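The structure presented is a predicted model; accordingly, all values stated were derived computationally and were not measured. Residue numbers start from 1 in every chain, and the chains themselves are labelled A, B, ... in the order their sequence lines are given, proteins ahead of strands.
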Amino acid sequence: MGQQKITVPKGTKDILGEEVVWWQKVEEVVREMANLFGYQEIRTPIFEQTELFARGVGEETDIVQKEMYTFQDKGGRSITLRPEGTAPVMRAYIEHGLSVTNPRVKWFYLGPMFRYERPQAGRMRQFHQFGFEALGFSRPAVDVEIILVAYLIYQELGLSELTLELNSLGCEKCRPSYLSKLTKFLEERKDNLCANCVRRLEKNPLRVLDCKEEGCQNLFKSPSFPVIEEYLCSDCRNHQFKVEAGLENLGISYQINPFLVRGLDYYTKTAFEVKTGQLGAQDAIGGGGRYDQLSAALGVPGVAGVGFAAGIERIVLLLEKTQQETRPKKVPCLYLSPLDEEGEKQVLRLARELTKWRVPFYCDFADKGLRYHLKKAQKSGVKWVLMVGQEEIERGGFSLKNLTSGSQVFLQEDELLRLLQKEKSLC
RNA sequence: GUGGAUGUAGCUCAACUGGUCAGAGCACUGGACUGUGGCUCCAGGGGCUGGGGGUUCAAAUCCCCUCAUCCACCCCA
């Protein structure tokens, strides 16, 4: 009986090689934008008490009903691997007393999330999100800022042909009356709804709006179908108007989608999603909105909040699909080729000097001849190769070859370091 | 969780209706070329054909189960 091959768990993957360079690029852009807008990083635990998500995300959501990685730890506590980032951020805000000491904060995060789902391209059980959250702000200008940050990140990554869909989900004052109108309308036409929607109607009628079945879609087109926009209270209507005006002011185009509802219960007022046409069924590459009711669900009413999160896997898929030619490369400036044991000593000593000058290099300690080293260096795309063997040691210096021009010089260490110092910006 | 498609070398793919030791390209290793790269030529390593069971004289090929991947539903990032 042969040993079974050990592979990654279902729905997870290793990120390596050329792909990891894209990940680094995304993370770099995210951190840069956070820095420019003054959002501080927050790192919350990978797992939380199950109760946080049950109450924060909403008992009726798919996430809580069937997608959570929940287990008992050895102390009998119910623990859940975080399925999303907003509830933990709000938990941290409350836990650290910020509502009293520093009620308005802007945070961003970056890291793995976990949902137990059937894997598919762009849908992993361990997936990664970055997110931006502004807590304690109720002005619509902050909704606009959050969308602007998302917009600029996608732009910086060179992603175009994205659509921004926008809706308002109302608030605790106006949503109930809309819900009863919607429920009434749907109840009266129950026969035309698909089986799924009949079930949704009982549990969470708002989700019916998300249905793509033809029969349900036809209902939505009916002139008497209640559209949420018409039921918003003046506060929500006003808020939505200002968000739209703010986006127009920035030249960010959007589409109002009255059927956009989000899968998490905590959203109020603004909800948005960023979609692409190039990823098949998993077309949402980012989304967010306002969640003024989340803090109340966690026991501290009255903390406003707005944020967005984006999936790094999906962004990388898009980048690989559309940006092949601009894929960032990681090539060192200098390739160090020791040709014998003495050469290795010299190379290691030189490596320490090179770090002082901040010259990026790669040491290849393969026990091979010069031909091998040059071939490898050539393949790596590096410009400069430094050769150190008996010949160089006897003459007390280094042979430096330029692989693009083919020319080669013999240099003393101080000359070498000075040259590389100048050259490193060109590598 | 439901439905469909696909699993052959590290990668991309061959192997007529079941029929001699499962092949090629790329990649890798060694050599031609002992300290000077890209090219060329030669040689080599690699596979329980995803796993298990069955049918058959004979299975990569047919049947069943299982696992994995992909696609769709669902849901979202």
Side-chain angles (χ1 to χ4, degrees), chain A residues 1-13 16-17 26 57 61-67 82-86 110-131 150 194-197 199-200 204 207 210-213 260-264 271-276 279-288 308-318 335 337-340 343 366 368-394 399-408:
Chain A
M1 231 191 281
Q3 287 235 328
Q4 209 179 345
K5 216 184 271 178
I6 297 176
T7 61
V8 289
K10 185 175 177 135
T12 68
K13 64 180 287 195
L16 71 161
V26 172
V57 176
T61 60
D62 276 16
I63 291 179
V64 172
Q65 292 276 311
K66 51 186 197 192
E67 296 174 3
R82 63 180 185 194
E84 59 98 47
T86 303
L110 185 67
M113 307 291 164
F114 305 85
R115 292 184 201 173
Y116 189 89
E117 291 185 276
R118 190 86 168 256
Q120 204 171 315
R123 190 169 81 181
M124 301 269 110
R125 288 183 175 182
Q126 173 174 329
F127 63 103
H128 297 75
Q129 287 186 329
F130 60 84
C194 68
N196 263 330
C197 284
R199 205 193 59 231
R200 286 179 180 131
N204 193 350
R207 306 289 284 294
D210 221 11
C211 188
K212 282 131 204 148
E213 290 288 330
L260 173 67
V261 293
R262 313 228 58 232
L264 300 85
F272 67 93
E273 266 179 26
V274 181
K275 292 185 180 174
T276 170
L279 248 40
Q282 310 307 322
D283 62 350
I285 64 168
F308 89 97
I312 302 182
E313 280 82 356
R314 291 181 189 180
I315 289 176
V316 169
L317 282 175
L318 256 189
Y335 196 93
S337 303
L339 301 173
D340 50 35
K368 304 279 184 184
L370 184 56
R371 183 179 299 279
Y372 164 90
H373 279 107
L374 286 168
K375 271 187 186 170
K376 275 283 185 213
Q378 167 81 26
K379 248 183 84 176
S380 77
V382 75
K383 183 174 176 188
W384 299 98
V385 184
L386 191 80
M387 296 162 280
V388 198
Q390 198 184 351
E391 218 174 286
E392 284 73 20
I393 287 159
E394 278 168 11
S399 297
L400 183 69
K401 190 177 180 78
N402 182 329
L403 283 182
T404 38
S405 72
S407 63
Q408 184 172 330

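Below the 3.5 angstrom threshold, one finds no donor paired with an acceptor across the side chain of A:Q65 and the base of B:G1. With hydrogens and angles ignored, no donor-acceptor pair under 3.5 angstrom links the side chain of A:Q282 to the base of B:A72. A donor-acceptor contact under 3.5 Å links the side chain of A:D283 to the base of B:C76. Contact annotation: side chain of A:R123 to base of B:C74, donor-acceptor pair present below 3.5 Å. At a cut-off of 3.5 angstrom, counting only N and O atoms as typed in the model, there is no donor on one side facing an acceptor on the other between the side-chain of A:R118 and the base of B:C71.
Remark: the separation of the C1' atoms in B:C70 and B:C26 is 24 Å, to the nearest Å. B:C21 and B:A58 have their P atoms separated by 14 Å, with the value rounded to a whole Å. A distance of about 23 Å separates the C1' atoms of B:C64 and B:U17, rounded to the whole Å. With both ends at atom P, the span from B:G38 to B:G50 equals 38 Å, rounded to whole Å. Spacing between B:A9 and B:G47 at atom C1', rounded to whole Å, works out to 6 Å. As rounded to the nearest Å, B:A22 and B:U49 have P atoms that lie 10 Å from one another. Distance noted for atom C1' between B:G1 and B:C74: 9 Å (whole Å). Nucleotides B:C28 and B:G46 are separated by 10 Å at their C1' atoms, to the nearest Å.
Side-chain contact between A:H128 and A:P112 is present, with heavy atoms from C-beta onward closer than 4.5 Å. A 4.5 Å side-chain heavy-atom check between A:L317 and A:I285 finds every atom pair outside the cut-off. When side chains are defined from C-beta on, A:Y335 counts as touching A:H373, because their heavy atoms get closer than 4.5 Å. The closest side-chain heavy-atom distance from A:F127 to A:R123 is not below 4.5 Å. Counting heavy atoms from C-beta on, the side chains of A:L374 and A:K401 come closer than 4.5 Å. Looking at A:T86 and A:V57, their side chains never come closer than 4.5 Å, going by heavy atoms from C-beta outward.
For A:K13, the salt bridge (Lys or Arg N to Asp or Glu O under 4.0 Å) partners are A:E19, not counting sequence neighbours. With sequence neighbours left out, A:K375 forms a salt bridge (Lys or Arg N to Asp or Glu O under 4.0 Å) with no residue at all. Every residue meeting the salt bridge (Lys or Arg N to Asp or Glu O under 4.0 Å) condition with A:E273, not counting sequence neighbours, appears here in chain and number order: A:R262, A:K275.
At the heavy-atom level, A:Q126 lies nowhere under 4.0 Å from the strands shown. Residue A:A377 is out of contact with every strand shown, counting any heavy-atom pair closer than 4.0 Å. Residue contacts shown for A:M113 are absent, as no nucleic acid heavy atom lies under 4.0 Å away. Base engagement by A:L403 is indicated by at least one non-hydrogen atom pair under 4.0 Å involving a base atom. Among the atoms of the strands shown, only primed sugar atoms or phosphate atoms (P, OP1, OP2) are found under 4.0 Å from some heavy atom of A:G11.
Rounded to an integer number of Å, the gap from CD of A:E117 to C1' of B:C73 is 13 Å. A:L370 has its CG atom 7 Å from the P atom of B:G35, to the nearest Å. Rounded to an integer number of Å, the gap from NZ of A:K401 to C1' of B:G38 is 12 Å. Between A:K10 atom NZ and B:U69 atom C1' the separation is 9 Å, expressed in whole Å. A straight line from CD1 of A:I63 to C1' of B:G1 spans 17 Å, rounded to a whole angstrom. Rounding to whole angstrom units, CE of residue A:M124 and P of B:U69 are separated by 8 Å. Residue A:I285 contributes atom CD1, which lies 12 Å from atom P of B:A77 at whole-angstrom precision. Rounded to whole Å, atom P of B:C39 lies 14 Å from atom CG of A:L374.
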> Dot-bracket, RNA chain B: Watson-Crick or G-U, under 3.5 angstrom, [ ] crossing, | other strand?
Replying inline: (((((((..((((.....[...)))).(((((.......))))).....(((((..]....))))))))))))....
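A side-chain N or O of A:S399 and one of A:E392 form a donor-acceptor pair less than 3.5 Å apart.
Taking the side chain of A:R314 as heavy atoms from C-beta on, and the options B:C74, B:C76, B:G35, the nearest nucleotide is B:C76. Distances were taken from every side-chain heavy atom of A:M387 (C-beta onward) to each of B:U36, B:G37, B:A77; the shortest belongs to B:U36. Comparing B:G35, B:C71, B:C70 by their closest approach to the side chain of A:P119 singles out B:C70.
Each of A:L279 and A:G406 was assigned the nucleotide of RNA chain B with the nearest heavy atom; the assignment lying further toward the 5' end belongs to A:G406. Place A:G389 and A:G311 on RNA chain B by their nearest nucleotides, and A:G389 ends up nearer the 5' end.
In A:Q408, the CD atom is crowded: over 12 heavy atoms of neighbouring residues, nucleotides or ligands sit closer than 6.0 Å.
In this structure, A:Q408 does not reach the B:U36 phosphate: none of its side-chain N or O atoms is under 4.0 Å from OP1 or OP2. At least one side-chain nitrogen or oxygen of A:R371 sits closer than 4.0 Å to the OP1 or OP2 atom of B:G37.
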Might you list the N or O atoms of the protein lying below 3.5 Å from N or O atoms in nucleotides 25-29 of chain B, with each pair's distance?
{"residue": "B:C28", "atom": "OP1", "partner": "A:K379", "partner atom": "NZ", "Å": "2.3"}

Using residues 377-389 of chain A as the side-chain source, report each donor-acceptor pair under 3.5 Å to any protein atom, sequence neighbours left out, with the distance given to one decimal.
{"residue": "A:S380", "atom": "OG", "partner": "A:A377", "partner atom": "O", "Å": "2.8"}
{"residue": "A:S380", "atom": "OG", "partner": "A:V382", "partner atom": "N", "Å": "3.4"}
{"residue": "A:K383", "atom": "NZ", "partner": "A:E423", "partner atom": "OE1", "Å": "3.1"}
{"residue": "A:W384", "atom": "NE1", "partner": "A:E423", "partner atom": "OE1", "Å": "3.4"}

